[in-house]
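To find a chain, count down the sequence lines: A is the first, B the second, and so on, and within it residues start at 1.
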There are 2 protein chains.
Amino acid sequence: MNTYSLSRKKRDKQLRRADILSASVHVFAQKGYEKATMQDIARKAQYATGTVYLYFKDKESLYFSLLEEKISKLISTTKEKTAGVKDVREKIKILIYESLAFFGSNQDFFQIFISETSKFRWVIDRKIAPSALMSEHMNYLAGIIREAQREKVIRSNFKAEHIADIFAAILSTVIVGLLKEKPGCFENLKNISGFIFDIFMNGVKA
Amino acid sequence: MNTYSLSRKKRDKQLRRADILSASVHVFAQKGYEKATMQDIARKAQYATGTVYLYFKDKESLYFSLLEEKISKLISTTKEKTAGVKDVREKIKILIYESLAFFGSNQDFFQIFISETSKFRWVIDRKIAPSALMSEHMNYLAGIIREAQREKVIRSNFKAEHIADIFAAILSTVIVGLLKEKPGCFENLKNISGFIFDIFMNGVKA
DNA sequence: TCAAAATATGAATACATATTCATTAAGTAG
DNA sequence: CTACTTAATGAATATGTATTCATATTTTGA
């Protein structure tokens, strides 16, 4: 056995792992963490139940691997796309657009994502905290808000973290609305992100 | 046994039922629906496990009774308080204030409430839908927004339902923030509701 | 005080499902 | 082809917990 086939093996292993992971996204999104069974996930990924345990320690670690993968992706995508942008308003617009695009092509994951958002008090007796990445994401948002505050684009009489929370809430709410109405309707991202930016910046007054 | 004691019995029964219900709020809030056990709830209410089943058919119906009770209360309170008010802006301010006050004195329930909010896709294989009351509440909000739109207080280029969703999201977000920082800090409701009204109406721009 | 009715009890049952592991199959190298 | 290594299988195990029910306790009305 040479080094080449060794690394191919590893790659294969990663692929199968990824298979299981993406099957699990669908199952967790559909049923929620508790009601999703390891058999559901195995079946969906076309493996036997036990096989899943060759790739993941247990159900919880599978779940958190999934969270980690997706949230990292969200963070890295939005960071990249906003990286070179000078104008903060533009930055925020891009942030909105990219988040919509991300969740548009990860609709199952979105369900999981918002369910995590509401668990601020249930972190009790969980082995692993999801908080690490979740709060990295929130920190990133708060950073942009802070920047906007420095440049007098956003009012400075409230903490950036709070504004960031509100920003995220509006974004999620709009996405829920889109998913409820036409699940396939993530077209017009330009329009939709314009709408979100407008409401966020100017409020709803006539 | 006369009719008097019959009705007292009924009243007693209601009281014990209410006992169990309010114990369950705490347990469900702490652990979430799935991880909360009937024994937890029974212990908290100082009854034996079986006793709970004398008052509620099963876990799910206990849970939904709780939702029903609390949400009805929220709806009726806010409806009453805004009933005679002419000025829509004032109405919205009162709505915010009363919602804060309600969740301030029902903090455990708030956790349950927002967790329900994020379950829009998991209604699958639930015996009872919580939706009825939840959507009554949202309809009520949408009604007020619609009124504000008619009176040119809120812009009319978006559906009242969507604006209502955003309204609710901002409100919830602020409450989460309050609970995270100082759990006992539901003072200054006037200030806080002013803040929410301001952000909601005027956005975050400088 | 007493028997009948209403309540409460918590151990026993039923069931679901996460996790393990002895067995089977597939792949690899010599 | 054969021995060996790695991966996959799914039935068996372990555990947790919702729900039931025979039994015990309390309340009621006479």
Protein-nucleotide distance (Lys31(B), atom NZ; dG16(D), atom C1'), rounded to Å: 12 Å
Nucleotide dT7(C), atom P - distance to CG of Leu15(B) in whole Å: 14 Å
5' precedence on DNA chain C between Glu34(A) and Thr51(A) (nearest-nucleotide basis): Glu34(A)
Residue pair Tyr63(B) / Glu68(B), side-chain donor-acceptor N/O under 3.5 Å: no
Euclidean distance, atom CG of residue Asp58(A) to atom P of dT15(D) [Å, nearest integer]: 15 Å
Any donor-acceptor N or O pair under 3.5 Å, side chains His162(A), Glu181(B): yes
Neighbours of DNA chain D within residues 37-48 of chain B, by heavy-atom distance under 4.0 Å: Thr37(B), Met38(B)
Minimum-distance nucleotide to Tyr53(B) side chain [options: dT7(C), dA18(D), dA18(C)]: dA18(D)
Short side-chain N/O contact from Thr49(A) to OP1 or OP2 of dG10(D), under 4.0 Å: no
Ring-face cation of Lys190(B) near Tyr97(B) (centre distance under 6.0 Å, axis angle within 45°): yes
Leu54(B) CG to dA5(C) C1', straight-line distance once rounded to whole Å: 14 Å
Non-hydrogen atoms of Val27(B) and Asp40(B) that approach each other most closely: CG1-CB, 3.7 Å
Leu54(B) side chain reached by Tyr47(B) side chain, heavy atoms, under 4.5 Å: no
Length of the NZ-P vector between Lys59(A) and dA16(C), whole Å: 15 Å
Set of residues satisfying side chain to side chain contact (heavy atoms under 4.5 Å, CB included) with respect to Asn202(B), sequence neighbours excluded: Arg155(A), Lys205(A), Asp198(B)
Rounded interatomic separation in angstrom, taking NZ from Lys57(B) and C1' from dA18(D): 11 Å
Thr78(A): side chain to side chain contact (heavy atoms under 4.5 Å, CB included) partners, not counting sequence neighbours: Leu74(A), Leu95(A), Glu98(A), Ser99(A), Tyr140(A)
Phosphate OP1/OP2 of dA7(D) contacted by Arg16(A) side-chain N/O (<4.0 Å): no
Euclidean distance, atom OH of residue Tyr33(A) to atom P of dT17(C) [Å, nearest integer]: 13 Å
Between C1' of dT28(D) and CG of Asp12(B), the distance in whole Å: 13 Å
Sugar-phosphate, base or nothing in reach of Tyr55(A), heavy atoms under 4.0 Å: sugar-phosphate
